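First comes the structure, then the notes that go with it.
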Number of protein chains: 2
Amino acid sequence: MEGNKRVSIIDVAKKAGVSIATVSRVINRNGGYSKETEERVRRTIEECGFTPNVNAIGLRTNRSNSIGVIVPDITNEFFARIIRELDAFLLSRRYSLLVCNSNEDYMLENMHIKGLAEKHVDGIIYISGQNEIKKMNEIKGLPIVYIDRAPKNAEVLILSDNETGGYLAGRELIQKGCRRILFLRDIRYASTVRSRKEGFVRALQEKGMAFSEELEMSCFPEYAEARVVLERLLKEKGCFFDGIFATNDMMALACVNVLTENQIKVPGQVKVVGFDNISLTQFTSPQITTVAQDTKELAIHAADTILKMIEDEEIKQKRTIIPVRLVVRETT
Amino acid sequence: MEGNKRVSIIDVAKKAGVSIATVSRVINRNGGYSKETEERVRRTIEECGFTPNVNAIGLRTNRSNSIGVIVPDITNEFFARIIRELDAFLLSRRYSLLVCNSNEDYMLENMHIKGLAEKHVDGIIYISGQNEIKKMNEIKGLPIVYIDRAPKNAEVLILSDNETGGYLAGRELIQKGCRRILFLRDIRYASTVRSRKEGFVRALQEKGMAFSEELEMSCFPEYAEARVVLERLLKEKGCFFDGIFATNDMMALACVNVLTENQIKVPGQVKVVGFDNISLTQFTSPQITTVAQDTKELAIHAADTILKMIEDEEIKQKRTIIPVRLVVRETT
DNA sequence: CTGAAAGCGCTAACAA
DNA sequence: TTGTTAGCGCTTTCAG
């Protein structure tokens, strides 16, 4: 804690023998200075170890060079990957990330939004969350980009091609010989899940197969819940199906494990496809066939879009769909 | 974008018919105002939807109410859990988190540190990273708390009781009948891993068992790498051991899978213990016995400590050790 | 108990 | 090409 005082633009100006305006100009590359002056100022900045005070800049310009990210659960690998990519991309643009974990909790989310507004973030990237966003006073006029889930009143949206994902999953199962495919979905039935079902049904119809209600099951999208559902189904009705499409990988894994424990061979008797391609799917045996969402692309598009909105560029593409791909492994 | 201008303390003061100083006082609960004045000001603040401008506050007070967190890989559940807890705890103290993913990359890490310094964070929580931190100019005087790994020149440190963790793992294996236990460790041999080994060896010695070099293997701590190492070992020397202690869960899982694929029964012939208690360990079959680190405690201590340092309180406990516990599941 | 006013570090309009 | 200067919104002395 010695010589605590930070060096300011004034110190630099004095030391370089110019005015603070000039220093400011070269920092911001605004032009209007000679080559020599620039050289001298830059050297001085270097020597003093000067770094601009973002609070002062923010106060003046109403900008903070930071972006808020709200995510339901950072512990979920899918979301964590998006954050990692956002972080990498935005660092290169000299932005930083204020990360907020909403825990899917409405109150927490609102507190975080307030906090972000107070912190004067330049924009918010909303990774999933509620199905309807209440536009709070605090964030009126603040650029917001939604990823993944699509709240009703969202304006700018980046999502995976869930419909095609469902289709690919269905087609894979059918091609590998399945005729009665169970559809195990997130009980909350968000727009993403609905799209996956649509694609899945399309694949069925393409082969003249009908989708029947009794083949659809739902549960809270977690390992333990999915286990319970499948165990009960097996006990009550036996193994009357030969394929399962689960709307996420944790549920798919639960199915594989329950099946195996019940001496039902995977993929011999029943084939399974998941969704998300979390790394876990490679570490199980058998490894799980799944639909991969392109988290990197999702993140980069979101970051790019929010930056454009911050610069007041017009966003012509309000809704971007990122392609998915099928990753065939050992459960099909 | 209508009526864009944010309401400031001046607006509130005018509307409440007091001076800005008074408004400031009640906001900060600094005392020196009557009950009535306070009441009136509070109501006005409410009515206007006033939120203080943190940039202005930061400029005045040299505080930002934000804390930087540097983490090697947010995609790793162990780190993600810590961030989640930090976020929850710090939100309640009106701090926000600037999250930086270092990717274990030296250059990236330094860029992030610079960014954090410019952003005027009030402190930095350093979750692991290099083994030696170069104190950069930018962060002199900035409170830093290290979690998990212990760089040489770290002053304040929060870590898990890795020694006991290793001991518990060893004892569990021995109690369940193991006599030749393989020690599979992270090849980088950080201080955490060294402690785990020490505890493990202590458990051995307690039972009069010796630790022999040929029982120690190392690799980059990932699923695929661990697989390769164990597969080769099995091919070259056969299954000459009856237990494995792996220094993280991914390696433990790799062992279980390789063993199973080679018709070696787990836990029948070989028992396995991992480290970290990531959620994956419950989703495999057999479920993996492991040593749980208390991420919540780790996070809360770190947050609490950094807050104290920010308040210039003296930190008497420079080095805090958080207890671990053994979670017995199906591989032992 | 309350108010006036200085000033934190910076940008941008205006002058020169 | 460069300098001067008025604030941005807030906290905090100092006076009253």
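Numbered from 1 within each chain, the chains take letters A, B, ... in sequence-line order. From a predicted model like this one, the values you see are computed outputs, not experimental measurements.
Residue A/Ile20 is in base contact, counting any heavy-atom pair closer than 4.0 Å across all strands shown. B/Asn55 comes within 4.0 angstrom of no nucleic acid atom, judged by non-hydrogen atoms across all strands. Looking at heavy-atom distances under 4.0 Å, A/Thr61 makes contact with sugar-phosphate atoms alone, never a base.
In the region residues 30-38 of chain B, proximity to DNA chain C at under 4.0 angstrom, judged on heavy atoms, holds for B/Gly32, B/Tyr33, B/Ser34, B/Thr37.
Nearest to the side-chain atoms of B/Asn53 among the listed nucleotides D/dG9, C/dG9, C/dA4 stands D/dG9. Distances from the side chain of B/Ala21 to the nucleotides C/dT2, D/dC10, C/dA5 place C/dA5 closest. Minimum atom distance to the side chain of A/Thr22 is reached by D/dG3, of the listed C/dG9, D/dG3, D/dC10. Closest approach to the A/Ser19 side chain among D/dT4, C/dC10, C/dA4 is made by D/dT4 (side chain taken as heavy atoms from C-beta onward). Of the listed nucleotides (D/dT11, C/dT2, C/dC10), C/dC10 has the atom at the smallest distance from the side chain of A/Ile57. Listed nucleotides D/dC14, D/dG9, D/dG3 differ in distance to B/Ala56; the shortest reach to its side chain belongs to D/dG9.
Looking at A/Asp11 and A/Lys15, no side-chain N of the basic residue comes within less than 4.0 Å of a carboxylate O on the acidic one, giving no salt bridge.
In this structure, A/Pro52 and B/Gly17 both approach DNA chain C, and ranking their closest nucleotides by distance from the 5' end singles out B/Gly17.
Side chains of B/Tyr126 and B/Glu109: a donor on one and an acceptor on the other come within 3.5 Å. A donor-acceptor contact under 3.5 angstrom links the side chains of B/Lys119 and A/Ser96, judged on distance only. Of the N and O atoms on the side chains of B/Thr295 and B/Glu85, not one donor lies less than 3.5 Å from an acceptor on the other residue.
Rounded to an integer number of Å, the gap from B/Leu59 CG to C/dA6 P is 17 Å. Distance B/Arg63 CZ to C/dG9 C1': 19 Å, rounded to the nearest Å. The nearest whole Å value for the distance from the CG atom in A/Asp11 to the C1' atom in C/dG9 is 10 Å. What separates NZ of A/Lys14 from P of C/dG9 is a distance of 11 Å, to the nearest Å. In this structure, B/Asn62 places its CG atom 14 Å from P of D/dT11, rounding to the nearest Å.
For A/Arg60 against D/dG9, no side-chain N or O and base N or O form a donor-acceptor pair under 3.5 Å.
The distance from atom CG of B/Leu116 to atom OG of B/Ser66, rounded to the nearest 0.5 Å, is 8.5 Å.
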